[in-house]
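Here the structure comes first, spelled out in structure tokens, and everything after it is commentary.
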Number of protein chains: 2
Amino acid sequence: MSLEFILLGLLRRPASGYDLKKFFDEGIGYFWAAELSQIYPTLKRLEKRGWVRSRAAASKRGSGRRVYVTTPAGRRALREWLRGEPQFGDERFAYLAQVYFMDELKDLRQTIRFFGRMRDHFATKLDALRMLDRRWAEADPRYPDDLPTSELHLQLTLRKGLLSLEAHVLWCDEAIRRMGARLPGAKPRRPQPKRAS
Amino acid sequence: MSLEFILLGLLRRPASGYDLKKFFDEGIGYFWAAELSQIYPTLKRLEKRGWVRSRAAASKRGSGRRVYVTTPAGRRALREWLRGEPQFGDERFAYLAQVYFMDELKDLRQTIRFFGRMRDHFATKLDALRMLDRRWAEADPRYPDDLPTSELHLQLTLRKGLLSLEAHVLWCDEAIRRMGARLPGAKPRRPQPKRAS
DNA sequence: GCGTCCATGTAAACGGTTACATGATTGC
DNA sequence: GCAATCATGTAACCGTTTACATGGACGC
């Protein structure tokens, strides 16, 4: 269960369940999401196992908070996870299934519109990551290759998001162009001369 | 529930639960997976709803099969799904979380090895898709831009896999190179001269 | 006779989401 | 007074995986 280890990682700095939820939403949402209703029971489970401990604390608004932090045993468990195999869950892409079956609509314009909407989606996410990247570069002259090693690890995950989303946008653009060329009235493609073989 | 619609799409050609499982494993595994224990009850549910119908059939080995096919009502449901919004489930990448926290190990060589294993994984999948791509190109001179529209849709999903996995491999290579340059004994990078601004 | 493939299912567990419930505090 | 934010939790449900169960037919 990856969430447990992710919490162990995040709780190397003390935080409440509520804090963690915010961090998922605002910080690392591009690779993991979690709901409060899942976070709270998981924290209790980790505490029972001795991997985190908690103390009551005051909150600005409302009643008390409970702040958790990873214990040495928790750190050992985290390190074991990190030394293990990369966790590739099998990826499911419903939107790819939609493209796969889209010929059912017998309407290429519809597919083009669908790709347009996907492009918007990916481009928006890409813009957000580019913003993060730019801000970081402006704030730290060591960015990216002279950062301290700990921050390099974060930068590498950001870089993955950038490369991946760029590929997604490229895919949409290419697909839209290729389908546009098939629309009635489109300039016919020059037939590709085969290379001498 | 995307699986239902994927089955409706696949069952435009008649197939048994067992056939479908094979197709997930050998055909469209790069965007969806399903177990037999999930396929069989789903087929029954779809039949009860009138979206597929079934008939008993003989099997080569073993006892009888049950072959399902999508009904006109099922096709209408499928088309509605296809005309709707692209389904982006929130993506979870446990291996990115591992990279994110990998500084905990305080051992850059370990991170490099981790990236090496990830590279292998992605490169293997990429090779498999490239093989598919090459075979298709050899078998059909219309590949890729003069394919009939129905096959173009399939080609576009394959193209996504290729672009995406290429980006993943590129990411690993880049990361390994950048980390290698930080290892003690590595040739120090030439400091990047800032562009005149 | 034994393993593999064909073929269909059920039951329990798991990870995650949605809905529901409660309550204090601050700013408008 | 009311909405938003801070804060913690439970219960029901949903989609998926893992484990279990059964049995016929073919090749070695």
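Chain A is the first sequence line, chain B the second, and so forth, proteins listed ahead of strands; every chain is numbered from 1.
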If you compare every side-chain N and O of [X] against the phosphate oxygens of [N] (OP1, OP2), does one of them come in below 4.0 Å?
X	N	result
A:Lys22	D:dT5	no
B:Arg45	D:dC14	no
A:Lys44	D:dG9	yes

Closest to the [X] side chain, choosing from [options]:
X	options	answer
B:Tyr18	D:dC6, D:dT17, C:dC6	C:dC6
B:Tyr68	C:dA7, C:dG9, D:dT8	C:dG9
B:Met1	C:dC5, D:dG15, D:dT8	D:dG15
B:Leu36	C:dT8, C:dG16, D:dT17	C:dT8

_Listed partners of B:Tyr95 passing ring-ring contact (aromatic ring centres under 6.0 Å, His included), at least two apart_ =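 Once residues adjacent in sequence are excluded, the partners of B:Tyr95 under the ring-ring contact (aromatic ring centres under 6.0 Å, His included) criterion are A:Phe88, B:Phe93, B:Phe122.
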*Could you pull out all residues at least two apart from B:Trp171 that satisfy ring-ring contact (aromatic ring centres under 6.0 Å, His included)?*
B:Phe115
Protein N or O to nucleotides 18-26 of chain C N or O, pairs below 3.5 Å:
{"from": "C:dT18", "atom 1": "O4", "to": "A:Ser37", "atom 2": "OG", "distance (Å)": "2.6"}
{"from": "C:dT25", "atom 1": "O4'", "to": "A:Gly62", "atom 2": "N", "distance (Å)": "3.1"}

Whole-Å gap separating [atom2] ([N]) and [atom1] ([X]):
X	N	atom1	atom2	answer
B:Arg92	C:dG16	CZ	C1'	7 Å
B:Glu47	C:dT8	CD	P	13 Å
A:Leu3	C:dT17	CG	C1'	13 Å
A:Arg65	D:dG9	CZ	C1'	16 Å
A:Leu20	D:dA7	CG	C1'	13 Å
B:Arg66	C:dG9	CZ	P	7 Å
B:Gln87	C:dT17	CD	P	15 Å
B:Tyr40	D:dT17	OH	P	16 Å

*Do B:Arg53 and B:Thr71 meet the criterion of a side-chain donor-acceptor pair at a distance under 3.5 Å?*
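No, no side-chain donor-acceptor contact under 3.5 Å.
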*Residue pairs fulfilling side chain to side chain donor-acceptor pair (under 3.5 Å) with at least one residue in residues 78-89 of chain B, sequence neighbours excluded*: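 Of all non-adjacent pairs touching residues 78-89 of chain B, those that pass side chain to side chain donor-acceptor pair (under 3.5 Å) are A:Glu104-B:Arg79, A:Arg117-B:Glu85.
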*asked:* Let me check something: do B:Leu183 and B:Ile176 share a hydrophobic cluster, defined by ILVMFWY side-chain heavy atoms less than 4.5 Å apart, either directly or through other members?
replied: yes
*Want to settle it: does B:Gly17 or B:Asp90 sit nearer the 5' end of DNA chain C, counting the closest nucleotide to each?*
B:Gly17
*What pairs of residues pass the ring pair (Phe, Tyr, Trp, His ring centres under 6.0 Å) test when at least one of them lies in residues 35-74 of chain A, not counting sequence neighbours?*
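Applying ring pair (Phe, Tyr, Trp, His ring centres under 6.0 Å) to every pair that reaches into residues 35-74 of chain A, excluding sequence neighbours, yields nothing.
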_Qualifying salt bridge (charged side-chain N to carboxylate O under 4.0 Å, His left out) pairs with a residue from residues 13-42 of chain A, counting only residues at least two apart or across chains_ =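 Qualifying pairs, neighbours excluded: A:Asp19-A:Arg65, A:Lys21-A:Asp25, A:Lys21-A:Glu35.
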